[in-house]
There are 2 protein chains.
Amino acid sequence: MTKGKQAYHHGDLRTALLDAVGEIIRDSGVGAVSLREAARRAGVSHSAPAHHFGDKNGLLTAYATRGFEIFREQMQTALDSAPDPRAAFQAIGRAYVSFALERNEYFEIMFREELHHSEDPELDDAGRRAFAVLLEAVRQVAEAGLVGDKNPMHVAMSAWATVHGMATLWLTGAPSKFTDEDLGTLLEGVFEVSQTELVEAEGGAA
Amino acid sequence: MTKGKQAYHHGDLRTALLDAVGEIIRDSGVGAVSLREAARRAGVSHSAPAHHFGDKNGLLTAYATRGFEIFREQMQTALDSAPDPRAAFQAIGRAYVSFALERNEYFEIMFREELHHSEDPELDDAGRRAFAVLLEAVRQVAEAGLVGDKNPMHVAMSAWATVHGMATLWLTGAPSKFTDEDLGTLLEGVFEVSQTELVEAEGGAA
DNA sequence: ACTATATCTTGACATCGTCAACATCATGTG
DNA sequence: CACATGATGTTGACGATGTCAAGATATAGT
């Protein structure tokens with residue numbers, strides 16, 4: 001591995017293959033993902049990927065894991081840079097949907113169970129770490145007395161469902177069949193409505 | 001076609017193939033769906049399906065269309081049997097999630113764009129007819145003054161996103177990683193929270 | 001220097017989607 | 001009734017894919 005490109009060993013084939021998956025999805029959609037095409041793009045033989053990932057689901061499991069890590073980073077940044085719990089709650093929601101729309105080459109794989117190895121510990125951990133950020137945001141609004149007498153876990157799940165639903169629906173393009181409104185504007189409108197879940201008062205009686 | 005089973009012509013192969021798709025998904029998941037397996041289950045040759053559906057996406061497009069029709073029926077029933085707009089709104093939400101969970105052999109195909117023929121008029125119509133029921137429910141709660149000063153279309157999209165998100169998240173089993181609560185109970189809790197979007201007053205000033 | 005191991009290649013196999021050519025049935029028209 | 005036409009289904013083939021076994025090559029530890 002002095003530096004040559006035609007070395008027998010690739011150097012970091014694992015990373016190259018994961019990158020290739022993203023490329024393929026952006027170029028031709030999830031349906032076009034194949035071990036052989038990823039191998040082709042990485043410049044290796046057709047069955048090299050199996051040595052790193054076992055099988056196709058192994059590759060996609062690793063890819064989804066990487067997606068959840070990026071996902072977590074973006075939500076964490078949103079949480080950290082918000083001035084108060086209410087703003088953080090909203091920022092996380094926007095980060096969730098933004099990630100889904102802008103990095104859908106990850107998002108589309110992350111929530112497709114049949115493409116993953118079942119009970120993969122790394123994937124599960126990455127997923128849990130990502131949603132821990134969302135749960136932390138809900139914990140903070142609850143502590144600030146902004147959820148009234150609602151069950152915080154229920155608030156968290158409701159918020160999660162709403163942003164997840166927005167993400168998946170927007171990705172399919174379905175909403176555009178029912179309104180001429182710009183999808184970005186529509187998104188903001190839906191955010192406003194869905195935040196009715198938060199109590200208006202500030203010095204709330206927890 | 002006197003009655004024989006070994007007749008050269010099947011009789012209703014189209015329906016048999018659509019049924020077969022559902023069987024395959026229930027038995028082995030969406031990944032196991034193939035034209036050849038559907039043909040096998042219908043007892044015809046491997047390329048018979050192409051004459052009815054053109055290609056694999058054609059079969060799945062027809063299958064998704066049938067799914068949206070059943071979906072619409074169930075939401076319409078929920079809407080019709082509710083005593084008032086608020087109850088109708090809630091009933092539709094429950095019907096949406098129930099359909100996704102109980103008939104997920106349809107749901108998983110219906111919202112997977114890459115499996116459909118693009119801009120298929122029958123599929124689009126079936127989808128629009130289904131969501132028209134949800135929109136009608138929102139129209140009724142708006143007319144009853146239950147949405148405050150919110151934009152009814154935004155309320156509709158928010159409700160849609162929430163139930164759609166619940167459906168897809170519950171199907172992945174993700175929520176069970178964050179709570180021990182029974183998923184049915186959790187579902188009801190989330191419904192309660194998300195219905196905060198509706199105004200409490202009854203003789204609302206529309 | 002030597003060996004064990006990780007990494008990658010080669011070749012093969014069954015399955016899949018798709019296509020072209022052909023076979024069989026149904027229908028209606030003279 | 002004869003028969004032509006179109007719909008329906010079959011057969012055989014092709015390239016692409018996921019997976020596996022066997023072999024080749026590089027790396028690392030001793």
Side-chain angles (χ1 to χ4, degrees), chain A residues 1-21 23-25 27-64 109 112 114-118 120, chain B residues 1-21 23-25 27-64 109 112 114-118 120:
Chain A
M1 192 213 75
T2 51
K3 69 170 186 180
K5 228 181 176 181
Q6 48 249 25
Y8 197 93
H9 283 42
H10 181 284
D12 195 0
L13 181 55
R14 192 189 147 88
T15 300
L17 289 170
L18 292 176
D19 291 344
V21 170
E23 267 189 38
I24 298 170
I25 299 178
D27 287 353
S28 326
V30 293
V33 176
S34 78
L35 289 175
R36 295 171 105 110
E37 177 61 22
R40 242 169 263 135
R41 300 203 182 212
V44 293
S45 78
H46 66 254
S47 70
H51 291 278
H52 287 271
F53 301 104
D55 56 11
K56 184 176 185 179
N57 272 20
L59 170 61
L60 294 177
T61 300
Y63 184 75
I109 302 292
R112 289 266 263 274
E114 82 273 16
L115 301 181
H116 303 159
H117 280 158
S118 47
D120 182 84
Chain B
M1 191 211 74
T2 51
K3 70 168 185 180
K5 229 182 175 181
Q6 49 250 28
Y8 195 94
H9 283 43
H10 180 284
D12 194 0
L13 180 55
R14 191 188 148 87
T15 299
L17 288 170
L18 292 176
D19 291 345
V21 170
E23 266 189 40
I24 297 170
I25 299 178
D27 288 354
S28 326
V30 294
V33 175
S34 77
L35 289 175
R36 295 171 106 109
E37 177 61 21
R40 241 169 262 135
R41 299 205 182 210
V44 293
S45 77
H46 63 87
S47 72
H51 291 279
H52 287 272
F53 301 104
D55 56 12
K56 186 177 185 179
N57 271 19
L59 171 62
L60 294 178
T61 299
Y63 184 76
I109 302 293
R112 288 267 264 275
E114 82 271 16
L115 301 180
H116 304 158
H117 280 157
S118 49
D120 181 84

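These numbers come from the heavy atoms of this one structure, side chains and all, not from hydrogens, waters or symmetry mates. From a predicted model like this one, the values you see are computed outputs, not experimental measurements. In the text below, chain A, chain B and the rest are named by the order of the sequence lines, each starting its count at 1.
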Could you check how far [atom1] of [X] sits from [atom2] of [N], rounded to whole Å?
X	N	atom1	atom2	answer
B:Leu60	C:dC16	CG	C1'	14 Å
B:His52	D:dA7	NE2	P	12 Å
A:Arg41	D:dT17	CZ	P	11 Å
B:Leu13	D:dT10	CG	C1'	12 Å
B:Ile24	C:dG17	CD1	C1'	14 Å
A:Leu17	D:dG18	CG	C1'	15 Å
A:Leu115	D:dG18	CG	P	12 Å

Fill in: Minimum heavy-atom distance A:Ile24-A:Ser34, with the two atoms named
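That would be CD1-O, 4.4 Å.
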Practice prompt. Could you pull out the closest heavy-atom pair between A:Leu59 and A:Phe53, with the gap in Å?
Written response: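 Scanning both residues, the minimum pair turns out to be N-CB, 3.4 Å.
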Worksheet item: Is any side-chain nitrogen or oxygen of A:Ser45 closer than 4.0 Å to OP1 or OP2 of C:dC8?
Response: no
Worksheet item: Taking A:Val30 as the fixed residue, which of A:Val21, A:Leu60, A:Ile109 is the one that meets the side-chain contact (heavy atoms from CB on, under 4.5 Å) rule?
Response: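 Exactly one option meets the side-chain contact (heavy atoms from CB on, under 4.5 Å) with A:Val30, and it is A:Ile109.
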Between the protein and nucleotides 19-22 of chain D, list every N/O to N/O distance that falls short of 3.5 Å.
unit_1, atom_1, unit_2, atom_2, d
D:dT19, OP2, A:Lys56, N, 2.9
D:dT19, O4, A:Arg36, NH1, 3.3

Discussion item. Under 4.0 Å, heavy atoms only, any strand: does A:Arg40 hit a base, just the sugar-phosphate, or nothing?
Written reply: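 Sugar-phosphate contact only - A:Arg40 comes under 4.0 Å of backbone atoms but never of a base.
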Practice prompt. Applying side chain to side chain contact (heavy atoms under 4.5 Å, CB included), run through B:Asp12 and B:Arg14 and close with a yes or a no.
Written response: CA-CA 5 Å; B:Asp12 194 0; B:Arg14 191 188 148 87; 4.1 Å; yes
Worksheet item: Which residue pairs pass the side chain to side chain donor-acceptor pair (under 3.5 Å) test when at least one of the two sits in residues 46-59 of chain B, sequence neighbours left out?
Response: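 Counting only pairs at least two positions apart or across chains, the side chain to side chain donor-acceptor pair (under 3.5 Å) contacts touching residues 46-59 of chain B are B:Asp55-B:His117.
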Worksheet item: Is A:Asp27 close to A:Glu37 at the side-chain level, that is, under 4.5 Å between some pair of heavy atoms?
Response: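 No, every pair of side-chain atoms sits at 4.5 Å or beyond.
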